[in-house]
Amino acid sequence: MSATKETKEYVLQELTNIEKIREFQRKLNEKAKANLKFKFYSLYDKTYRTDILEEAYRRVKANGGTSGVDEVTIDDVESYGKTEYLAELQKELEEEQYKPKPVKRVYIPKANGKMRPLGIPTVRDRIVQTAFLIILEPIFEADFTESSYGFRPKKSAHGAVREIYKYMNWGCEEIYDVDLENYFDTVEHWKLMRLIARRISDGKILHVIKQWLSCGYVEDDQHRQSKRGTPQGGVISPLLANIYLNPIDKAFERSKFGNISQGSIHIVRYADDMLLLAQNKLEKGIALLEHYTDRLGLTLNKEKTRRLNLKEEKKVEFLGFQFQRVTSWKNRDRMILVTPSSTSQKRCKENIRKLINHSIPLKVKDQIENLNSFLLGWTGYYRLGHSSQALRDIRQYTSKRVHRLIQRHKGRSGYGWNKINSVYLYGKMGLFYDYKVLPL
């Protein structure tokens, strides 16, 4: 058999598996929606189905990432043999011998200059978590509300931004900007397991999830146990976070606050970031939120959680965007502008300076390729709304930095505005130029 034919057959089989899995997920979701109190009791054997493990492996490989505490990488698995590796993992799961390893703790910088702990599971554990995610996500999706936008199928940060924009245009100018104190470190395991058990009665599934929660982490070659919290970085962590915070979303859904005649109090949540928006009587929403965070054992960060009025404060920042109330100079109408926050723009320019720098031992074209990868992601996220001026400013700043870099590499001073034209910059050198804005 030719290599081309083998490749075609492999791709066809992969597409067939994906379609088969989607159909299975659709049935799980429909069953969960049809009966909101139904408990799924026989799921564990589905997690190690060959097609599901292969799909889980495909996703883990596509996401990349570094190794866990065992130092095994995707390349190592490929060298060993994917088929043999998955067969061994399948046997472990089938014989109930699978035991997760502790996550490797690393730290990444936060926007405020502090460091955020991140837990990196092993490749093996990421595959199993993905297999569980494939099974569990459609079940819990039936329970989640429309106000939750983080890490969900067909949901996004842009959806949350559009929702906030809609409520503000409805006159919801009373805002409660919520920040949870060390959310991922304070989740109480027994409460989370109880919430999961409302839908899942398969003891084997629950046992594995409990192992993930309690396996701990390795830092400075020391293994530390976890009695609370879920590690950021795990494949299944976002789903667990949404399950844990779903009672808050459901409480607002039940409260009828969303009815304009009842006071119009709304919640928009993206993972552990959330806003309450109201036309008036925001106190009721705050009281409800505090009641449920207390029940969940969560604490509001008093320094960052704040109440404000859009009429007085003029602007609110959320998910990197700035929502600002302005008055039109034409007809004096008030309107909401949505733009990248000043902090986001400042951070963008800092990254551009790091990527385009004469001291970097890379050719100009290589630096531009690295810059393009960054700009593609940044503009893809921040092009939403009324971002034309901000994007124009970033484009001009980028052009200036690249002009200066080219001149330095050629041993010239200045920016070479008369020597370096757009055809050379955006054509031959391939500098990113797509700064189109997406409508709200």
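Being a predicted model, the structure only gives us computed values, none of them experimental.
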Nearest heavy atoms of [X] and [Y], plus distance in Å:
{"X": "K210", "Y": "S214", "result": "O-OG, 2.9 Å"}
{"X": "S148", "Y": "N242", "result": "OG-OD1, 3.7 Å"}
{"X": "P153", "Y": "E141", "result": "CD-OE2, 3.5 Å"}
{"X": "H158", "Y": "G380", "result": "CE1-O, 3.5 Å"}
{"X": "L355", "Y": "I360", "result": "O-CD1, 3.6 Å"}
{"X": "I120", "Y": "S67", "result": "CG2-O, 3.7 Å"}

Got a salt bridge between [X] and [Y], using NZ or NE/NH1/NH2 to carboxylate O under 4.0 Å?
{"X": "E146", "Y": "K155", "result": "yes"}
{"X": "E54", "Y": "R58", "result": "no"}
{"X": "D393", "Y": "K349", "result": "yes"}
{"X": "E174", "Y": "R307", "result": "yes"}
{"X": "D51", "Y": "R49", "result": "yes"}
{"X": "R383", "Y": "D434", "result": "yes"}
{"X": "E30", "Y": "K27", "result": "no"}
{"X": "E92", "Y": "R124", "result": "yes"}
{"X": "E88", "Y": "K91", "result": "no"}

Quick one: pull up [atom1] in [X] and [atom2] in [Y] and give me the separation to the nearest 0.5 Å.
{"X": "I265", "Y": "N280", "atom1": "CD1", "atom2": "CG", "answer": "7.5 Å"}
{"X": "F323", "Y": "L277", "atom1": "CZ", "atom2": "CG", "answer": "9.0 Å"}
{"X": "S201", "Y": "I196", "atom1": "OG", "atom2": "CD1", "answer": "13.0 Å"}
{"X": "M168", "Y": "H266", "atom1": "CE", "atom2": "NE2", "answer": "12.0 Å"}
{"X": "L431", "Y": "I368", "atom1": "CG", "atom2": "CD1", "answer": "5.5 Å"}
{"X": "L136", "Y": "I209", "atom1": "CG", "atom2": "CD1", "answer": "5.5 Å"}

Open item on the list: Using the rule given for ring-ring contact (aromatic ring centres under 6.0 Å, His included), can you reason through Y381 versus F321, listing the C-alpha separation, both sets of side-chain angles and the distance that settles it, and then say yes or no?
Closed with: CA-CA 10 Å; Y381 183 75; F321 285 90; 5.3 Å; yes
Open item on the list: Assess the residue pair T230 and L213 against the criterion (side chain to side chain contact (heavy atoms under 4.5 Å, CB included)); give the C-alpha distance rounded to whole Å, side-chain angles, the decisive distance to 0.1 Å, and a yes or no.
Closed with: CA-CA 6 Å; T230 60; L213 293 173; 3.5 Å; yes
Going by atom types alone, do [X] and [Y] pair a side-chain donor with an acceptor below 3.5 Å?
{"X": "Q25", "Y": "R22", "value": "no"}
{"X": "Y80", "Y": "E84", "value": "no"}
{"X": "R59", "Y": "T130", "value": "no"}
{"X": "Q322", "Y": "Q324", "value": "yes"}
{"X": "N63", "Y": "R126", "value": "no"}
{"X": "T50", "Y": "Q90", "value": "yes"}
{"X": "Y397", "Y": "R353", "value": "yes"}
{"X": "S147", "Y": "T145", "value": "yes"}

Open item on the list: Is it true that, when you exclude K315 itself, more than 12 heavy atoms of the residues, nucleotides or ligands shown sit nearer than 6.0 Å to its NZ?
Closed with: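 Atom NZ in K315 is not packed in, count stays at 12 or less.
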Open item on the list: Between Y48 and Y98, does the ring-ring contact (aromatic ring centres under 6.0 Å, His included) criterion hold? Intermediate values first, please.
Closed with: CA-CA 11 Å; Y48 56 81; Y98 166 76; over 10 Å; no
TODO: Show your reasoning for whether salt bridge (charged side-chain N to carboxylate O under 4.0 Å, His left out) applies to E78 and K61.
DONE: CA-CA 10 Å; E78 294 283 310; K61 182 180 178 182; 3.7 Å; yes
TODO: May I have the step-by-step check of side chain to side chain donor-acceptor pair (under 3.5 Å) for Y167 and E173, ending in yes or no?
DONE: CA-CA 8 Å; Y167 290 143; E173 297 185 327; over 6 Å; no
Any donor-acceptor pair under 3.5 Å from [X] side chain to [Y] backbone:
{"X": "K346", "Y": "S341", "result": "no"}
{"X": "K304", "Y": "L300", "result": "no"}
{"X": "S387", "Y": "Y382", "result": "yes"}
{"X": "T379", "Y": "L375", "result": "yes"}
{"X": "D76", "Y": "T73", "result": "yes"}
{"X": "T305", "Y": "K302", "result": "no"}
{"X": "Q97", "Y": "E95", "result": "yes"}
{"X": "N301", "Y": "E181", "result": "no"}
{"X": "D249", "Y": "F144", "result": "no"}
{"X": "D273", "Y": "R269", "result": "no"}

Open item on the list: As a quick check of understanding, evaluate salt bridge (charged side-chain N to carboxylate O under 4.0 Å, His left out) for D125 and K101, giving each step before the final call.
Closed with: CA-CA 7 Å; D125 292 334; K101 294 184 179 295; over 6 Å; no
Check the orientation of [X] and [Y]. Use parallel for under 30°, tilted for 30 to 60°, and perpendicular for over 60°.
{"X": "Y244", "Y": "Y183", "answer": "tilted"}
{"X": "Y270", "Y": "F151", "answer": "tilted"}
{"X": "Y435", "Y": "F432", "answer": "perpendicular"}

A side-chain contact here means heavy atoms from C-beta on lying under 4.5 Å apart; do [X] and [Y] qualify?
{"X": "L28", "Y": "I135", "value": "yes"}
{"X": "R401", "Y": "T398", "value": "no"}
{"X": "I352", "Y": "I394", "value": "yes"}
{"X": "L276", "Y": "L289", "value": "yes"}

Task: Full working for salt bridge (charged side-chain N to carboxylate O under 4.0 Å, His left out) between R26 and E23 - done: CA-CA 5 Å; R26 185 185 63 80; E23 177 62 19; 2.3 Å; yes
- [ ] Please confirm whether K31 makes a cation-pi placement over F38, using NZ or CZ under 6.0 Å from the six-membered ring centre and within 45° of the ring normal.
- [x]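 Positive - K31 is close enough to the ring of F38 and near enough to its axis.
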